[in-house]
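Chain naming here is simple, since letters A, B, ... match the order of the sequence lines and numbering starts at 1 in each.
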There are 2 protein chains.
Amino acid sequence: MAGKHELHEKGLRLTPQRELVLSAVRSLGHATPEEVAEKVRETHPGINLSTVYRNLETLQNVGLVLHTHLGHGGATYHAAEELTHLHLVCGTCGSVGDAPIEAAANFVNVLADDYGFKTDVTHFAVYGTCAACVKP
Amino acid sequence: MAGKHELHEKGLRLTPQRELVLSAVRSLGHATPEEVAEKVRETHPGINLSTVYRNLETLQNVGLVLHTHLGHGGATYHAAEELTHLHLVCGTCGSVGDAPIEAAANFVNVLADDYGFKTDVTHFAVYGTCAACVKP
DNA sequence: AGCGAGTTGCGAGTTATTCGCAGTTACTAT
DNA sequence: ATAGTAACTGCGAATAACTCGCAACTCGCT
């Protein structure tokens, strides 16, 4: 039978901690390691922060989650299947908005054609000033 | 007489440390705080890292330097007058390439028109894979 | 020359992440 | 089922990159 768990298919062992980290990332959308740990603790209070970090890295290696740099320093994690948007970070109010990746299609093509650079627009946020902060 | 130093014009006191930090940023192009400190120590060995951090922040507040996020976490500083390019960071080899800001002109316009978002393309790097790493 | 706010150096404190290691556990092969 | 073993976890210590408080100093004004 083909009933293998998705983690098994990636050659990973299925532990409660690992499953919880993955489902926390999926339910949170955007999340820092700290936020993931907090979420996981709702059902598994003893989880160690190191374990969260290690599992985020492991899950990233097999392509189930990805991270994005939103600024300041810390990375935020996303489920791989949700990463269909880019992030607009407002330097004034700190809000994080979304835009579809299609908005950058032309930009990506220019970089590919002129520089041979294959761009992943979701990995880094786009910095600027949001509509609310531009207006008085 | 108009012979005021550029730091005086910004309302800052002119200290050797501050001048050295500014000229280090200018001569280095891209630089982390650590690299700036190292450069400054060539001529002023006793400078404290805190002083470098504080001066980078101060110079940034008055608009003489800017910082960009190239990934990993640390910011890199630039002289304000040199910031006429965006940064292409390769996730495979780690190299940082440049592209003129005009390459993003269309992208910036799309975000402005559709989302009212005023983009600063130089503040965050653009992530992807460089030409050398795309090819076998 | 002298005053006062702005700066500096220093060391301690924070925050975020990584590492080593010993004990435990999930899967594999009997 | 059961035992073996490599992967995984928890924990505490270590590291890295800043940030902060405070006393001493100095730049620029008068």
Margin query: Can you give me the closest heavy-atom contact between A:Ala37 and A:Ile47, atom names plus distance?
Written below: O-CG2, 4.4 Å

Checklist line | Residue whose nearest DNA chain D nucleotide is more 5′ - B:Thr32 or A:Arg18 | finding: A:Arg18

Notebook entry, point to check: How many Å lie between NE2 on A:His67 and P on C:dT17, as a whole number?
Noted result: 11 Å

Notebook entry, point to check: Got a donor-acceptor pair under 3.5 Å from the side chain of B:Thr58 to the base of C:dG6?
Noted result: no

Check: When the distance from NE2 of A:His5 to P of C:dA26 is rounded to whole Å, what number comes out?
Finding: 13 Å

Item checked: salt_bridge(A:Arg26, A:Glu19) N-O dist < 4.0 Å -> no

Check: In whole angstroms, how far is the C1' atom of D:dC18 from the CD atom of B:Gln60?
Finding: 14 Å

Item checked: Closest to side chain of B:His44, choosing from C:dC27, C:dG9, D:dC11 -> C:dG9

Next item on the list: When you get a sec, tell me which of D:dT9, D:dG12, C:dA16 is the closest nucleotide to the side chain of A:Tyr53?
Entry: C:dA16

Next item on the list: Answer with yes or no whether B:Arg13 presents, from its side chain, a donor or acceptor under 3.5 Å of a partner atom in the base of C:dG6.
Entry: yes

Notebook entry, point to check: Choosing from D:dT9, C:dT7, D:dC18, which nucleotide comes nearest the side chain of A:Asn55?
Noted result: D:dT9

Checklist line | Separation of atom CD in A:Glu57 from atom C1' in C:dT17, rounded to whole Å | finding: 11 Å

Notebook entry, point to check: Roughly how many Å is it from CZ in A:Arg41 to P in D:dT9, rounded to a whole number?
Noted result: 14 Å

Check: Between D:dC18 atom P and B:Leu56 atom CG, what is the distance in whole Å?
Finding: 10 Å

Note to self: Could you check whether the side chain of B:Thr15 and the base of D:dG28 have a donor-acceptor pair of N or O atoms closer than 3.5 Å, going by distance alone?
What the structure shows: no

Check: Where the side chain of B:Thr58 meets the backbone of B:Arg54, is there a donor-acceptor pair that is under 3.5 Å apart?
Finding: yes

Notebook entry, point to check: Could you state the CD-P distance from B:Glu38 to D:dA17, rounded to the nearest angstrom?
Noted result: 13 Å

Checklist line | Residue that, paired with A:His87, satisfies ring-ring contact (aromatic ring centres under 6.0 Å, His included) out of A:His123, A:His30, A:His67 | finding: A:His30

Check: With no angle test and no hydrogens, is the base of D:dC20 tied to the side chain of B:Ser50 by a donor-acceptor pair under 3.5 Å?
Finding: yes

Notebook entry, point to check: Which is true for B:Arg54 with a 4.0 Å heavy-atom rule: it touches a base, it touches only sugar-phosphate, or it touches nothing?
Noted result: base

Check: To the nearest Å, how far apart are B:Ile47 CD1 and C:dT8 P?
Finding: 7 Å

Next item on the list: Considering just the side-chain nitrogens and oxygens of B:Gln17, establish if one lies under 4.0 Å of OP1 or OP2 belonging to C:dG9.
Entry: yes

Note to self: What I'd like to find out is whether the side chain of A:Val52 reaches to under 4.5 Å of the side chain of A:Asn48, using heavy atoms alone.
What the structure shows: no

Note to self: Under 4.0 Å, counting only non-hydrogen atoms across every strand here, what does B:Leu14 touch: a base, just sugar-phosphate, or nothing?
What the structure shows: sugar-phosphate

